[in-house]
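When a ligand or atom number is given, it counts from 1 through the structure's own listing order. All residue numbers in this chain count up from 1 along the given sequence.
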Amino acid sequence: MIRVSGSQAFEITDRLFRTPDGKRQLSTQESHTALFGQFQKNGYLIDEVIAITYRNPHSFTGEDTVELTCHGSTYIQQKIIRVLLEEGCRLAEPGEFSRRAFMNGKMDLSQAEAIADLITCTSAANHRLALQQMRGGISHEIDKLRDSLLHFVTMIELELDFSEEQVEFANRKDLKDLANKLEKTLLKLTDSFRLGNALKNGIPVAIVGETNAGKSTLLNQLLNEEKAIVSAIPGTTRDVIEDLANIRGITFRFIDTAGLRQTRDEIELLGIERTYQQIEQASIVLWVIDSTRFTEHIEWMAGRIIPRSEGKTLMVLFNKSDKIDKEEQQVLDNQFKTYSRHRLHISAKKGENIDLLKAKLLEIAGLPDLARQDIIITNLRHYEALKSAHEAIVRVQDGLQENHSSEFLSQDLRACIHYLGQITGLITTDEVLKNIFEHFCIGK
Ligand SMILES: Nc1nc2c(ncn2[C@@H]2O[C@H](COP(=O)(O)OP(=O)(O)OP(=O)(O)O)[C@@H](O)[C@H]2O)c(=O)[nH]1
Ligand SMILES: [Mg+2]
């Protein structure tokens, strides 16, 4: 489908589009109607198309728009586009349609951004969050906050006008309550970003452990794909290998790493350094142990993995369970009780207990019920703005506590309102807009 939007959309397409009876024109069509006809230039037929007309402001961009649905060949598409360009159109920039929609007030900035998220969504969770944002979930929450703040600041500023008379229009206790309420809401929103970000970019899961433990085999098993090279030679994986996998609608980012061991090999040492970085960046760490040779270097290994896993969930996986019996499994399990309460026997090669591992990962990820209507922030730009807004409201709280003058309070309240305005695009700069829309794909 080729979309032509702008004040000359009808004029240009009318020169190229003929209905079978040769009588009807796009410019005189009613909005939201489809016409069948030929797309041609100077009598040279290019394709038979359906043309849908939208009259401003009732289109996605808010401008006059014609959408041409043609046959799928890239040759035809390019030919049509070339002819349109010859007739005075120009190619849309990335995200330009959404940008125009925003400029023409068809949607606010956070809604426009949600379109980009919707297009790239790869999981049920992403999909739901993007939809929520596109339909104005976040905007609504932000507007509510802004309204409370505006009310707040009006009361404070009224006092400024009567400053000589030393009146207090705004009851200080009410103001404190309002500030506390706003602070809580802003904190909740900024806090939700950790989850939102994980849902959007995948929850990072680092697969670490001794060489030859079966880490790459496990990665392949989780991805259902022969992504990493597996071999019986210790030190096979030297670099970080990662990919996304979807487990029941939630995206996980599984990261296979170079096995840990004492080595003088320079390249391997660089790889091990990267393993450490990956542990630090992950939310969940899977420590893979070769059940057939577990006694070796365990202390050494623990000394490397445990401190770096602080604040994350560490799960111990006894791999190659196909090689040992139940009693041996029990002994192993007892030995690792102190390291983590999450322990599981698996066989990466045979696929044993992999479903259980997946269920455990979902459980550890501890995702709240997404069906609830809680607002979850997924966008870094929104997060930054909310964080600044939160800092400003904390200054207001402090100011109220220390009986600062209305003038100071109003300054911080205005700052808070300003940051919230950035999210919905009430306050923006050309640079910010450029930055946002240039990351859209062309045609959106
Ligand atoms: N019996 C058995 N063998 C396994 C299992 N998982 C992996 N292996 C074997 O163990 C060897 C090492 O597997 P890899 O997946 O390459 O191990 P790794 O931990 O990635 O090793 P490095 O990349 O060297 O650190 C291979 O020969 C695998 O076939 C398992 O569950 N059972
Ligand atoms: Mg490997």
Checklist outcome for this item: Checking heavy atoms under 4.0 Å, the part of P234 that sits near ligand 1 is backbone
Next on the checklist: Is there a polar contact, in the sense of an N or O pair closer than 3.5 Å, between K349 and ligand 1?
Outcome noted: yes
Checklist entry - Any donor-acceptor pair under 3.5 Å linking the side chain of R293 with the backbone of D290? => result no
Item to check | Side chain, backbone, both or neither: L218 near ligand 1, heavy atoms under 4.0 Å | outcome: neither
Checklist entry - Are any of the N or O atoms of A348 closer than 3.5 Å to those of ligand 1? => result yes
Checklist entry - Does any non-hydrogen side-chain atom of Q8 lie less than 4.5 Å from one of E63? => result no
Checklist entry - Considering only heavy atoms of A232, which atoms of ligand 1 have at least one such atom less than 4.0 Å away? => result 27 (O)
Next on the checklist: Below a 4.0 angstrom heavy-atom separation, can you tell me which part of S231, side chain or backbone, both or neither, approaches ligand 1?
Outcome noted: backbone
Checklist entry - Please, which pairs that meet ring-ring contact (aromatic ring centres under 6.0 Å, His included) have at least one residue in residues 302-322, sequence neighbours excluded? => result F318-F336, F318-H345
Checklist outcome for this item: So for K323 against ligand 1, with non-hydrogen atoms under 4.0 Å, the contacting part is side chain
Item to check | Among L219, T275, I241, V240, side chain to side chain contact (heavy atoms under 4.5 Å, CB included) partner for I255 | outcome: V240
Item to check | N or O pair under 3.5 Å between T236 and ligand 1 | outcome: yes
Next on the checklist: Any nitrogen or oxygen of A213 lying under 3.5 Å from a nitrogen or oxygen in ligand 1? Just yes or no.
Outcome noted: yes
Item to check | Distance-only N or O hit between ligand 1 and K350, under 3.5 Å | outcome: no
Checklist entry - Is R304 close enough and on-axis enough to Y276, meaning under 6.0 Å and within 45°, for cation-pi? => result no
Checklist entry - Would you say G214 has any N or O atom under 3.5 Å from an N or O of ligand 1, going by distance alone? => result yes
Checklist entry - Does any N or O atom in T211 lie less than 3.5 angstrom from one in ligand 1, N or O only? => result no
Checklist entry - Quick one: does G235 get an N or O within less than 3.5 Å of an N or O on ligand 1? => result yes
Next on the checklist: Let's go through T53 and H32 carefully: what are the C-alpha distance in whole Å and the side-chain angles of both, what is the deciding distance for side-chain contact (heavy atoms from CB on, under 4.5 Å) to 0.1 Å, and is it a yes or a no?
Outcome noted: CA-CA 5 Å; T53 47; H32 297 72; over 6 Å; no
Checklist entry - Would you say the side chain of L362 lies within less than 4.5 Å of the side chain of F252, judging by non-hydrogen atoms? => result yes
